[in-house]
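Structure, as structure tokens:
A note on names: the letters A, B, ... follow the listed sequences, proteins ahead of strands, and every chain is numbered from 1. Every heavy atom of this structure was used, including side-chain atoms; hydrogens, water molecules and symmetry mates were not. All values reported here derive from a predicted model rather than from experimental measurement.
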4 protein chains.
Amino acid sequence: MPKEDAVTAILLLSCTDQKGLVASVSDFLYRHNGNIIHADQHTDPEQRVFLQRVEWEIRDFAIPREEIAASFRPIAQRFGMTWRLSFSDYTPRVALFVSRLAHCMHDLLARWRMGELRAAFPLVVSNHPDLQPLAEMFGLAYEFLPVTSESRASQERRIIERLREEKIDFLVLARYMQIVGDDLLEAYPNRIINIHHSFLPAFVGARPYHQAYERGVKIIGATAHYATHELDQGPIIAQEVVRVSHRDSVEDLARKGRDLEKVVLARAVDLHVRDRVIVYGNKTVAFD
Amino acid sequence: MPKEDAVTAILLLSCTDQKGLVASVSDFLYRHNGNIIHADQHTDPEQRVFLQRVEWEIRDFAIPREEIAASFRPIAQRFGMTWRLSFSDYTPRVALFVSRLAHCMHDLLARWRMGELRAAFPLVVSNHPDLQPLAEMFGLAYEFLPVTSESRASQERRIIERLREEKIDFLVLARYMQIVGDDLLEAYPNRIINIHHSFLPAFVGARPYHQAYERGVKIIGATAHYATHELDQGPIIAQEVVRVSHRDSVEDLARKGRDLEKVVLARAVDLHVRDRVIVYGNKTVAFD
Amino acid sequence: MPKEDAVTAILLLSCTDQKGLVASVSDFLYRHNGNIIHADQHTDPEQRVFLQRVEWEIRDFAIPREEIAASFRPIAQRFGMTWRLSFSDYTPRVALFVSRLAHCMHDLLARWRMGELRAAFPLVVSNHPDLQPLAEMFGLAYEFLPVTSESRASQERRIIERLREEKIDFLVLARYMQIVGDDLLEAYPNRIINIHHSFLPAFVGARPYHQAYERGVKIIGATAHYATHELDQGPIIAQEVVRVSHRDSVEDLARKGRDLEKVVLARAVDLHVRDRVIVYGNKTVAFD
Amino acid sequence: MPKEDAVTAILLLSCTDQKGLVASVSDFLYRHNGNIIHADQHTDPEQRVFLQRVEWEIRDFAIPREEIAASFRPIAQRFGMTWRLSFSDYTPRVALFVSRLAHCMHDLLARWRMGELRAAFPLVVSNHPDLQPLAEMFGLAYEFLPVTSESRASQERRIIERLREEKIDFLVLARYMQIVGDDLLEAYPNRIINIHHSFLPAFVGARPYHQAYERGVKIIGATAHYATHELDQGPIIAQEVVRVSHRDSVEDLARKGRDLEKVVLARAVDLHVRDRVIVYGNKTVAFD
């Protein structure tokens, strides 16, 4: 959490590439005495999309915090922007979805407890009871909601209700070994971060370490992506790899992979909470 | 090329895992005064396969070079080994297959010229005329053999003939953009090294950098493998990756990828010529 | 912890390189019906040192577990070996030394709790009170022992006493920001694992992320090594690196570095507890 | 070389961080109908330095190419900028300095011949005669200028004269194993790119692979930097690393290292010729 006088405003925007975009945004900030802390932009020349992230201090900014959005709207409308304004003193609320494996949950909660992640974790949701003691160790509520293909729709409605009660901003599937249904996906579009334990698009689906072992690859990976209707096909946020050899058994791959999974998932969550990711098409721009 | 008195014998073997294997091989070497330079072994517990590489100096070895194979044969037969004996003063002869892209060819020939690779390159085969000047710059013969799906079988028969005339030991497909036919594959089993410009099994087939760009991956790769009847499915010898971002265009991926391709291909060729690779099932053990 | 009938014996040995070494060890195992699970060796040609690790099942081994050492001793003596025999069902006892930073402690204790590390953590020692709540969350005793350069010798004597009471096998300095004195070093030779937050030998000493930032490096690292009398000069067990850029502040380096530190330290601890490391001279062989 | 109608102007600038910088530059481009192709900026909050790179098409730009500098000058003066304007159809002229090792020279010349590098290589300078045949193979002039500590000053004066005759823009020390003297350094400030075969600042000076072997590191590296008066202390442009193990001899380190050296050096040269590097203090910003 930033100190009060270091709070920043963050503008994430995307639109069709046009002349004058950068000039208009930078002029808006300059005219109102904005002290820019971070600015990055990207143009996708193929799809002719322009994407930008600007972060500036609100302390000396001429427009009061609650009026910034309204003041910027005319510019956004002129260029047809998709945009989002946020502030660095807001702490997003995360629901953690887990099954039986604890390493990603351990790692995220440790980061949270150490203040490394700007996020609150009020709630853990699971289709298994196994990780309830861990949730309690960190003082979190644990919703045990077993799911079958028949019960998915009704259970997810209950989950969504709970998420709304808790004012959850986004979901993290920390090795949650269940398909996420349509209702949940539509309730949190581009707001469900999943970790897949392979270097996507290699080894989509079940048991990727077994698949990697069978194929005899010399490098394995992990991928954090936004969940979409198609399994393991959503926009990729972060990936990491590690070298393996014939000496590594499936268990060794899983052991080495766990270290990738937790680091990659945490990096993706951190990028998301710091408003550094824009999704466009089936890709992301991660302004790191 | 090693100095005469530093010549080594190299034994590569594989068989069903059994007790006494290591003891028998090491006893054979010890009894005949073998000075072991390198020894490595691997047991695949799932397939119950044992694989070993031993390298020893022949200078003081009690068995003359030309009788080693015969002396070892009884041990090999007792354990049902698949095995190969070679000597470090033999220079394997390589045929380089290329199309239009020169970077892998440049790199391999530079290594050859600097004495980095223990291999001879008498011959370049291509389905395009483009790289003939480069072959000539390095003093190599260039066989221009255009291939269509109709002419493949007959052209490959001509190629095989040329390869036999040149006593070619193995083939390197250095960005050779043509399918290799059955006759050639069967003439050189596990002796055709291909470089595929992706992190296999991701992005099999054509235009992998375009596929990677479309998918929005954050890391790209290159894979050297033995060519088999199924496209891009053969045993993997070496892989390498490099980080990319939204800032990279398809051309940037190709540019970064070329550096991977040449390094990975050269590493695979080097492992092959130094007799460090054993293929078993659809995998390799690379004793590096 | 392995199931009773899967317990293995592990032999780690080193000696001057001589003919017959591999033959003698493998013959010893073969004669007594040893089923080898893992075997790896290394010869340092410059220092003429031979190093070996062999692991075999004790279930069907002809020599009872408690007599293996005595049976092997004659071979060890004949070759002048330094050696160590251990069993996979022994759980080494670790004392964790920490100061204020919690990430390595969190990570090691999470691994311990998940059963990823074959080690017991009865005791945390610290020169600061900060991490006592974390120790208690995991149910560990916490020895708060502030150290000044004057009090070091006397405090370390107290620590050594406590370590002996707890039958500690080895020490892990998990971002312990204090110099370790001679008494402690001599009580645990090659048994104190430290994590240094740089790619050693770059940035020895204090504030390596600041040093890295000042120097403008494009990659940072972390190094796990055995502590010795010379600061940051001990034998390196494991290293890892990550790419950084001009966009990264010192805080970003520290944030990225923490992920390296915890992964590298855990890897080193894991190699150590699985008896996969041999120290010779100022180096290690890590049989991974 | 870009096609005529795709030529771009590139502006590299740095100055004290001030409000209105981005607004002024983007307004300048927008007012004159500049189509921005690439824009990136960086603020060093500690040193309060602002650095920017902008690239735009000159085809439809309202200011004729030869007047752009004059038109921009008032803005530069207002903010006290250090700046440089260049055009993408200019091909910088490089002098390659080599000694005996050929791999970097081979690699750079191959890239040049394939059109991968936007640079001309009219001249090779060496303190050894060894690589003359290679220079001739690629059709380059070769200046054999042996240097001793006594003759350095006089020889370098002759070199500088030759470099001026050839209108050399910058120098690449491609494993040139000689100290570069003050005259040369001052004639080409931040225009001499050196490759050092270690992960700087580790292993400064002579025989870094031997030093790395002695220290027992688990990763080695290579560093491309601008040469300055202090040996191996100049601003780092690019670095790369590769994993090694106890199995690697000094020769193996050198072999693996050569692949790093050539890739890292080529990347640095490419960044330099595409005007993507700004030096400030003893660091670089590489806008990749």
Pick from C:Asp40, C:Thr43, C:Asn33, C:Ile36 with the largest number of heavy-atom pairs that fall under 4.5 Å of chain B: C:Asn33
Pairs of heavy atoms under 4.5 Å with chain C: top-ranked of B:Gln18, B:Arg243, B:Lys19: B:Lys19
B:Phe203 six-ring centre to B:Arg215 NZ/CZ under 6.0 Å and within 45° of normal: no
Top contributor to chain C interface from B:Asp27, B:Asn35, B:Ile37 [non-hydrogen pairs under 4.5 Å]: B:Asn35
B:Arg48 atom CZ, neighbour heavy-atom count above 12 within 6.0 Å: no
Heavy-atom pair count under 4.5 Å with chain C, highest-scoring of B:Arg247, B:His42, B:Arg31, B:His38: B:Arg247
Residues C:Asp275 and C:Arg84 bridged, charged N to O under 4.0 Å: yes
Trace of the side chain to side chain donor-acceptor pair (under 3.5 Å) decision for B:Glu57 with B:Thr8: CA-CA 4 Å; B:Glu57 294 180 327; B:Thr8 55; over 6 Å; no
